[in-house]
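Each remark here refers to the structure printed beneath this line.
Given the structure is predicted, the values throughout are model-derived calculations rather than measurements. Note on naming: letters A, B, ... go to the chains in the order of the sequence lines (proteins, then strands), and numbering restarts at 1 for each one.
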2 protein chains.
Amino acid sequence: MARIKTEKNTSRKDVIVSKAAILFREKGFKAASMRDLAESVGVEAASLYNHIKSKTELLHELCFSVANRFLQKLDEIESEPISAIQKIEKILRFHIVEMVNNYEEVYVSDREWKHLNDPYLSNFQNQRRIYRKRLAAIIETGIKNKEIKAIDAPTAVLILLHAISGIESWHRSKQKITAAALEENMVTILVGGLTI
Amino acid sequence: MARIKTEKNTSRKDVIVSKAAILFREKGFKAASMRDLAESVGVEAASLYNHIKSKTELLHELCFSVANRFLQKLDEIESEPISAIQKIEKILRFHIVEMVNNYEEVYVSDREWKHLNDPYLSNFQNQRRIYRKRLAAIIETGIKNKEIKAIDAPTAVLILLHAISGIESWHRSKQKITAAALEENMVTILVGGLTI
DNA sequence: AATTTGCACTAACGTATGTTAGTGGTTTAT
DNA sequence: ATAAACCACTAACATACGTTAGTGCAAATT
């Protein structure tokens, strides 16, 4: 009857959530079973329910904690007195760093949100839509100011965001370049591609 | 006892496979049930097994038919007497057109291949790895010939491929720009970002 | 030290899933 | 017209799943 081991300032629920992130990333939300999760936590499946309400709750936690981090950072960057292209670069770098350091969570939030249930689902979709619109607005500004090529802003956003999610492949590749080098390469290509 | 309707030159199995693509794209492979699929085909679940061997077979068919199309096109483009950056642009355009016209299949092949079983799984992963290496080799050549910026080639490949998969979002968006405009925008940003 | 709370356990439930067996009608080929 | 192949059906199976109920030990609180 060994308990779930926690480090200080992390609840047992936190442990479960972060093991869930690893598992959901690896197998996908639907394919990952509560029994799998229990095993990776070192406990019986039923015991998980002393700490969480449901499997989907785990997905909520992951999706919204990631979404909130990005929204907060966007607030911050939007209000800085810098050029549009500089904002885009900052956001891009933040995404990359997040994807590198919080791989599992960010990945799961990006790929598995479809399995959320309403009202969380609509909620998440809205946040996502709004986030993208705000990015597009920054790009529009950059275009108006002749910093950025005259392209379709939503398309540019979609390229940026999806390109970032490619870091998944980097994570799993054998011969990785350093995270810093990865970041510079991505910025070179993407910011370079946008700039006039 | 109405039979599955086929158009000429398509077997009943083909009908099932393409309905499966739609369903797998929408719900994900694991979450899409054979009973769902049966309903969308207009038949009882058990009846599907007169035409297919298993659920995973549907995934094989989808994944490998897509993979083969891309491999074949790459063979073709590789042997053309054009510059590296032109090859990259051609491949990019092919990917975009495929993603636009064969949305469901390409998407499923890209996102759901994890649920393949061995030996298909390793097989698919190998093909994927090799495909990417060949793309990276083209980029390396371009760098050597000073057509392309001195970046990490595998990173560039990963950005290209994932950016393309962003067309998913375009497909679902309400106010779409035309497919042609999408293609031009993507080429502008991505080829522009690679070129010196 | 006594009491309350936390938490992991076993057992089990209801449901959904992929799939098989067997039957009989319908289309195709002879 | 007869035989053969095709194919959709009903019924059912075994398994895997998320989750609940109830029990008792261990830790935290008083």
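Between A/Asp36 and A/Asn50, the residue anchored nearer the 5' end of DNA chain D, judged by the nucleotide with its closest heavy atom, is A/Asp36. Taking the nucleotide of DNA chain D with the nearest heavy atom to each of A/Lys53 and B/Glu44, the more 5' of the two is matched to B/Glu44. Remark on DNA chain C: of its neighbouring residues B/Tyr49 and A/Ala45, the 5'-side contact belongs to A/Ala45, judged by nearest-heavy-atom nucleotide.
In B/Glu39, the CD atom is not crowded: 12 or fewer heavy atoms of neighbouring residues, nucleotides or ligands sit closer than 6.0 Å.
A salt bridge is defined here as a Lys NZ or Arg NE, NH1 or NH2 lying under 4.0 Å from an Asp or Glu carboxylate O, and A/Lys90 with A/Glu78 fails to meet this definition. Between B/Glu168 and B/Arg172 a salt bridge is recorded (basic side-chain N to carboxylate O distance below 4.0 Å). With salt bridges taken as basic N to acidic carboxylate O contacts below 4.0 Å, one links A/Asp75 and A/Arg134.
Checked against C/dA8, C/dG18, D/dC7, the side chain of A/His51 finds its nearest nucleotide in C/dA8. Which of C/dG25, C/dC7, D/dA21 sits closest to the side chain of B/Arg3 comes down to C/dG25. In this structure, of D/dC6, C/dG18, C/dA21, it is C/dG18 that holds the atom nearest to the side chain of B/Arg35. With D/dT20, C/dC7, C/dT19 as the choices, the nucleotide that has an atom nearest any side-chain atom of B/Met34 turns out to be C/dT19. Side chain of B/Ser33, nearest nucleotide from C/dT20, C/dG18, D/dA8: C/dG18.
Put simply, B/Ser47 has no side-chain N or O that comes within less than 4.0 Å of OP1 or OP2 on D/dC7.
Side-chain atoms of A/Arg128 and A/Arg132, non-hydrogen and from C-beta on, do get closer than 4.5 Å to each other.
Heavy atoms of B/Ala32 sit under 4.0 angstrom from primed sugar atoms or phosphate atoms, though from no base atom. Counting non-hydrogen atoms under 4.0 angstrom, B/Ala31 reaches nothing in the nucleic acid.
Residues of residues 54-66 of chain B that place a heavy atom closer than 4.0 Å to DNA chain C, in numerical order, are B/Ser54, B/Lys55.
Rounded to an integer number of Å, the gap from B/Arg12 CZ to C/dT26 P is 14 Å. Protein atom NZ of A/Lys27 is 12 Å distant from nucleotide atom P of D/dA16, rounded to whole Å. The distance from atom NZ of A/Lys13 to atom C1' of C/dA8 is 18 Å, rounded to the nearest whole Å. Taking atom CD of residue A/Glu39 and atom P of nucleotide D/dG18, one finds them 14 Å apart after rounding to whole Å. The distance from atom CG of A/Leu48 to atom C1' of C/dT10 is 15 Å, rounded to the nearest whole Å.
When every heavy atom of B/Lys149 is checked against every heavy atom of B/Thr195, the shortest pair comes out as CE-O, 3.4 Å. Minimum interatomic distance between B/Ile85 and B/Glu147 (heavy atoms only, all atoms of both residues): N-OE1, 2.9 Å.
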